[in-house]
Amino acid sequence: MTDISSSTLSITLFVLLILSALFSSSETGLMSLNRYRLKHKADEGHRGAKLTLKLLRRPDRLLGVILLGNNFVNIAASAIATVLALRYFGEAGLAIATGALTFVVLIFAEVAPKTLAALHPERIAFPAAYVYTVLLAVLYPLVWFVNVLANSMLRIWGVNPTARTDHSLSTEELRSALNEADQQVPQKHQDMLLGILNLETITVEDIMVPRNEITGIDINDDINSIKQQLTQTHRTRLPVFNESIDNTIGILHLRRAIALIADNELSHDTFSSLISEPYFIPESTSLNKQLLNFQSSKRRTALVVDEYGDIQGLVTLEDILEEIVGEFTTNAGSNSPLIQAQDDGSYLLDASLHIREINRELGLDLPVDGPKTLNGVILEQLEIIPEPGTSLKIAGIPIEITKTKNNAVKSARIKLPDADDFAEDA
């Protein structure tokens with residue numbers, strides 16, 4: 001090396017530092033890739049993604065060839081820098097070369113290129129995959145030998161170097177990924193996907209129509225009364241019972257009855273023939289499970305029972321789908337009789353509404369891990385039956401009781417967080 005000119009050594013040192021930067025940046029880029037995006041690109045036929053995915057299946061071999069190249073160029077650069085420093089500064093050049101080369105390598109061959117690769121991993125990793133595929137083929141015997149020594153050491157420490165890392169996502173991790181995908185996935189689609197994930201944690205008890213609000217038909221009623229109920233109801237399927245909802249005998253599809261009414265052929269006998277068997281489900285059934293149950297049983301309506309077999313409510317396929325896609329109707333704040341927008345920006349709510357529905361319609365975050373209805377949450381918070389005009393805050397949301405009846409809150413006024421508070425803590 002003493003016979004080589006200083007200019008040649010300087011050029012060689014510069015090239016080695018560039019190679020060191022390329023090795024460092026490609027290592028970070030390859031290890032920083034989004035594995036799911038990489039798999040997607042490979043499935044689409046992207047050549048660079050396919051090569052990268054193949055290399056990452058054996059990270060020990062990939063790291064072996066990267067570190068072989070990186071260490072070689074760094075050691076060679078150190079030797080050349082030492083020779084140049086001795087030529088220009090004598091014995092003092094050893095300290096100068098060590099300090100200067102450490103600074104140059106740290107900044108220009110490590111931190112800067114690795115930061116760039118971490119910010120734009122695909123731009124670095126995909127071209128590098130072509131180079132490393134060739135290098136791995138050429139240097140395979142040496143890489144194999146290095147891997148044997150390194151893997152043997154890992155095995156001594158109780159580590160299996162050939163074990164593959166599990167890159168599958170849990171439900172919570174997938175939920176976090178969706179929350180971070182606001183630019184790639186439209187908000188409406190994001191809400192729907194999150195709604196599907198939430199089906200596992202929500203039970204039918206959380207969304208069912210409570211027992212006292214079930215609209216049904218008593219089979220013992222006069223046939224004219226039954227006709228009137230059928231023509232005035234807004235539901236397509238109705239439970240039919242004998243004197244009490246606890247004695248439900250079946251479910252009626254309104255469309256079948258309307259045809260008989262139109263032909264003036266509806267009687268108790270024909271009405272009874274239209275009733276299908278009732279479908280009962282436990283109140284602890286998750287929405288995910290119940291959605292599959294509806295699909296397998298070809299049903300759309302179920303009666304929810306508690307551990308004693310008593311009917312607690314009613315749930316439909318539409319109720320579950322609304323947890324995914326939102327309400328099928330237009331904005332409930334202006335059209336639903338249960339949520340009425342007021343001139344001052346507040347909303348008048350029926351206290352029998354489910355908390356989940358209020359959160360969905362008004363974009364709130366009221367607690368859903370306790371009582372299921374607004375009335376239940378208010379009573380739990382106050383621990384008394386409140387008088388009209390009582391105000392409180394739940395999760396920072398001001399609520400004013402407007403009507404109570406029969407030991408329950410019937411309606412309440414709620415103001416959204418961005419509006420001026422109209423009440424203080426109770």
Side-chain angles (χ1 to χ4, degrees), residues 33-41 43-44 166-210 281-296 300-302 304 313-336 338-339 341 347 349 352-374 376-377 394-397 399 414-418:
L33 285 169
N34 184 315
R35 297 302 175 94
Y36 301 97
R37 180 177 173 83
L38 175 63
K39 182 68 167 57
H40 174 67
K41 283 185 170 291
D43 291 341
E44 287 186 332
D166 183 10
H167 293 290
S168 60
L169 289 178
S170 67
T171 300
E172 292 304 318
E173 290 170 336
L174 182 55
R175 182 179 285 107
S176 298
L178 285 172
N179 286 327
E180 295 296 326
D182 49 352
Q183 293 184 351
Q184 288 79 19
V185 181
Q187 184 62 46
K188 184 63 177 177
H189 296 172
Q190 188 177 351
D191 292 341
M192 291 172 62
L193 293 171
L194 289 172
I196 294 174
L197 295 179
N198 290 335
L199 294 184
E200 296 182 0
T201 60
I202 306 172
T203 64
V204 292
E205 183 187 13
D206 294 322
I207 67 167
M208 68 181 183
V209 177
I281 60 173
E283 59 186 351
S284 60
T285 306
S286 70
L287 297 192
N288 181 54
K289 177 66 174 178
Q290 188 52 45
L291 185 61
L292 297 177
N293 289 342
F294 274 141
Q295 184 181 34
S296 61
R300 302 171 67 95
T301 303
V304 183
L314 179 144
V315 68
T316 67
L317 176 61
E318 288 76 12
D319 294 329
I320 298 178
L321 294 179
E322 285 182 352
E323 288 295 318
I324 301 175
V325 302
E327 295 291 336
F328 292 119
T329 56
T330 54
N331 183 276
S334 59
N335 294 286
S336 172
L338 303 182
I339 304 179
Y347 289 88
L349 280 69
S352 64
L353 274 169
H354 279 260
I355 294 297
R356 300 191 63 84
E357 183 176 352
I358 295 173
N359 287 342
R360 183 172 62 241
E361 292 302 317
L362 300 183
L364 301 179
D365 193 25
L366 296 173
V368 296
D369 53 352
K372 310 303 180 185
T373 64
L374 180 59
V377 172
I394 300 177
I397 308 299
I399 299 175
I414 190 169
K415 194 166 261 191
L416 300 185
D418 56 352

Kindly compute the distance separating CG (L374) from NE2 (H354), expressed to the nearest 0.5 Å. 11.5 Å
Of all residues at least two apart in sequence or in a different chain, which pass the side-chain contact (heavy atoms from CB on, under 4.5 Å) check with S286? N288, K289
Measure the CD1-CE distance between I320 and M208 for me, rounded to the nearest 0.5 Å. 13.0 Å
Sequence neighbours excluded, which residues qualify as salt bridge (Lys or Arg N to Asp or Glu O under 4.0 Å) partners of K39? D43
Can you establish whether the number of heavy atoms outside Q295 located under 6.0 Å from its atom CD is more than 12? no
With rounding to the nearest 0.5 angstrom, report the CG to OH distance, L353 to Y347. 13.5 Å
Rounded distance (nearest 0.5 Å) linking atom OG1 of T203 with atom CD of Q290: 11.0 Å
CG of N198 to CG of L193: how many Å apart, nearest 0.5 Å? 11.0 Å
For a quick test of reading the model, state the closest non-hydrogen atom pair linking V368 to K372 and the distance between them. O-NZ, 4.2 Å
About how many Å separate CG of L349 and CD1 of I339, when rounded to the nearest 0.5 Å? 5.0 Å
Taking only residues two or more places apart in sequence or in another chain, which ones pass salt bridge (Lys or Arg N to Asp or Glu O under 4.0 Å) with K41? none
Within a strict 4.5 Å, meaning less than it, do heavy atoms of the L287 and V204 side chains meet? yes
Heavy atoms from other residues, nucleotides or ligands near CG of D365 exceed 12 (cutoff 6.0 Å): no
For E323, enumerate each residue passing the salt bridge (Lys or Arg N to Asp or Glu O under 4.0 Å) test, keeping only those at least two apart in sequence or located in another chain. R356, R360
Under the side-chain contact (heavy atoms from CB on, under 4.5 Å) test, which residues partner V377, sequence neighbours left out? I355, P371, I394
Test of understanding: with side-chain contact (heavy atoms from CB on, under 4.5 Å), list the residues that count as partners of T316, not counting sequence neighbours. T301, L314, E318, D319
